[in-house]
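Excluded from the calculations below are hydrogen atoms, water molecules and symmetry mates; all remaining heavy atoms, backbone and side chain alike, are included.
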Amino acid sequence: MLFQVLEYTLAPALRAIYQPDVVGFEYVPRTGPVIFAANHLSFADQVFTPLAARRQVLYFAKAEYFNTGGLRGRVTAAAFRQMGQVAVERDDPRAAAATIDEGAHLLSEGCALGIYPEGTRSPDGRLYKFRTGVARLALRTGAPVVPVALVGTREANPPGTNRWHRVPVSVRFGAPMDFSNRAEDERSSRMLRAVTDEVRACIQQMSGQNYVDTFASTAKLSPAAEQ
């Protein structure tokens, strides 16, 4: 797959250029199912997390990336598929449940799944309220959750631009969080929120971000967003 090719070609160059500070690499499972739950500051997050983990990490991507017409659209779609990206229809009211089902399937096959529980990029660099998908997946599958704190990626690739800057970047992995043998808790909204907040608190402690108790998607509707 394209990921293996890039791991031996582009990845060494990126590591040499950025020299990311990787903390907690010993917490990254080398094989088997794992959920990487991370804060989300920039598109660069999807580059630096697998770069630091030295393992392919699958992410859900907007279906538009796979459906754009023309030569450029076909090339983009092919690249996304080769990288293991999974298309989701975000406008479909059934998308959330379908995404959880697909994530559970990928984990059952031993994949590493990357999730941004904020649901979208932070509009201002602060940490926003997490959605409960990470808890649903962890409780349903029993896969360990490795919290990930990304620092500096917003400056490396500012949102809304195609520019990349050589700045200090840190990828911090926390100890795996075990929610196995708790599948029945997926039926409890209270437990889903408790598990989600436990993951969020761990990431916040590692990243040092200020916390905002509202969803990032709501904050982006404010005229002050993306400042």
Side-chain angles (χ1 to χ4, degrees), residues 1-62 65-66 68 71-88 102-103 106-107 109-118 120-122 125 134 137 143-176 203 206-207:
M1 293 180 67
L2 181 59
F3 174 80
Q4 281 75 25
V5 174
L6 294 177
E7 179 62 23
Y8 289 104
T9 56
L10 182 59
L14 288 173
R15 293 187 184 105
I17 293 170
Y18 283 93
Q19 300 181 355
D21 177 38
V22 180
V23 179
F25 178 72
E26 67 273 16
Y27 295 132
V28 177
R30 305 316 312 148
T31 59
V34 59
I35 301 168
F36 289 108
N39 58 331
H40 196 14
L41 300 169
S42 164
F43 172 80
D45 300 335
Q46 293 184 209
V47 175
F48 283 102
T49 300
L51 194 71
R54 295 178 180 266
R55 180 174 176 180
Q56 183 173 25
V57 181
L58 306 184
Y59 292 94
F60 294 112
K62 293 186 294 185
Y65 292 137
F66 298 82
T68 304
L71 177 60
R72 181 176 180 180
R74 292 195 296 272
V75 171
T76 299
F80 269 67
R81 291 191 183 95
Q82 286 296 314
M83 287 293 291
Q85 307 299 290
V86 181
V88 294
E102 179 63 21
L106 293 171
L107 290 167
E109 295 190 331
C111 297
L113 187 63
I115 295 179
Y116 300 119
E118 289 169 279
T120 187
R121 286 190 300 253
S122 169
V134 61
L137 277 171
V145 177
V146 172
V148 184
L150 294 145
V151 179
T153 53
R154 183 180 175 88
E155 292 72 30
N157 176 223
T161 75
N162 293 320
R163 297 191 304 272
W164 286 71
H165 307 283
R166 189 174 182 273
V167 298
V169 171
S170 178
V171 184
R172 304 166 185 174
F173 298 103
I203 294 173
M206 293 192 300
S207 71

Nearest non-hydrogen partners of [X] and [Y], listed with the distance:
{"X": "Pro147", "Y": "Ala175", "answer": "CD-O, 3.5 Å"}
{"X": "Ala156", "Y": "Val169", "answer": "CB-CG2, 4.1 Å"}
{"X": "Leu137", "Y": "Gly103", "answer": "CD2-C, 3.7 Å"}
{"X": "Val167", "Y": "Gly152", "answer": "CG2-O, 3.8 Å"}
{"X": "Gly174", "Y": "Val146", "answer": "O-CG1, 3.6 Å"}

Should Pro50 and Tyr59 count as side-chain neighbours, where that means a heavy-atom distance under 4.5 Å?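 A side-chain contact exists here, since the closest heavy-atom pair is under 4.5 Å.
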List for me each residue that meets ring-ring contact (aromatic ring centres under 6.0 Å, His included) alongside Tyr18, sequence neighbours excluded, and say none if there are none.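 For Tyr18 the ring-ring contact (aromatic ring centres under 6.0 Å, His included) partners, ignoring immediate neighbours, are Phe48.
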Rounded to the nearest 0.5 Å, what separates atom [atom1] in [X] from atom [atom2] in [Y]?
{"X": "Leu41", "Y": "Leu150", "atom1": "CG", "atom2": "CG", "answer": "6.5 Å"}
{"X": "Leu58", "Y": "Gln46", "atom1": "CG", "atom2": "CD", "answer": "11.0 Å"}
{"X": "Ile203", "Y": "Arg172", "atom1": "CD1", "atom2": "CZ", "answer": "13.0 Å"}
{"X": "Asn39", "Y": "Arg154", "atom1": "CG", "atom2": "CZ", "answer": "11.5 Å"}

Side chains of residues 158-165: which donor-acceptor partners sit under 3.5 Å, not counting sequence neighbours?
from: Thr161; atom 1: OG1; to: Pro158; atom 2: O; distance (Å): 2.8
from: Thr161; atom 1: OG1; to: Arg163; atom 2: N; distance (Å): 3.4

Sequence neighbours excluded, which residues qualify as side-chain contact (heavy atoms from CB on, under 4.5 Å) partners of [X]?
{"X": "Ala112", "value": "Val34, Phe36, Arg55"}
{"X": "Ala143", "value": "Pro33, Ile35, Leu107, Thr141"}
{"X": "Glu102", "value": "Phe60, Val86, His105, Leu106"}

If you look only at pairs with a residue in residues 14-39, which of them pass as a salt bridge (charged side-chain N to carboxylate O under 4.0 Å, His left out), with sequence neighbours excluded?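 Every pair satisfying salt bridge (charged side-chain N to carboxylate O under 4.0 Å, His left out) with a residue in residues 14-39: Glu7-Arg15.
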Do any N or O atoms from the side chain of Ser42 and from the backbone of Asn157 form a donor-acceptor pair under 3.5 angstrom?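 The answer is yes, because a donor-acceptor pair under 3.5 Å joins these two groups.
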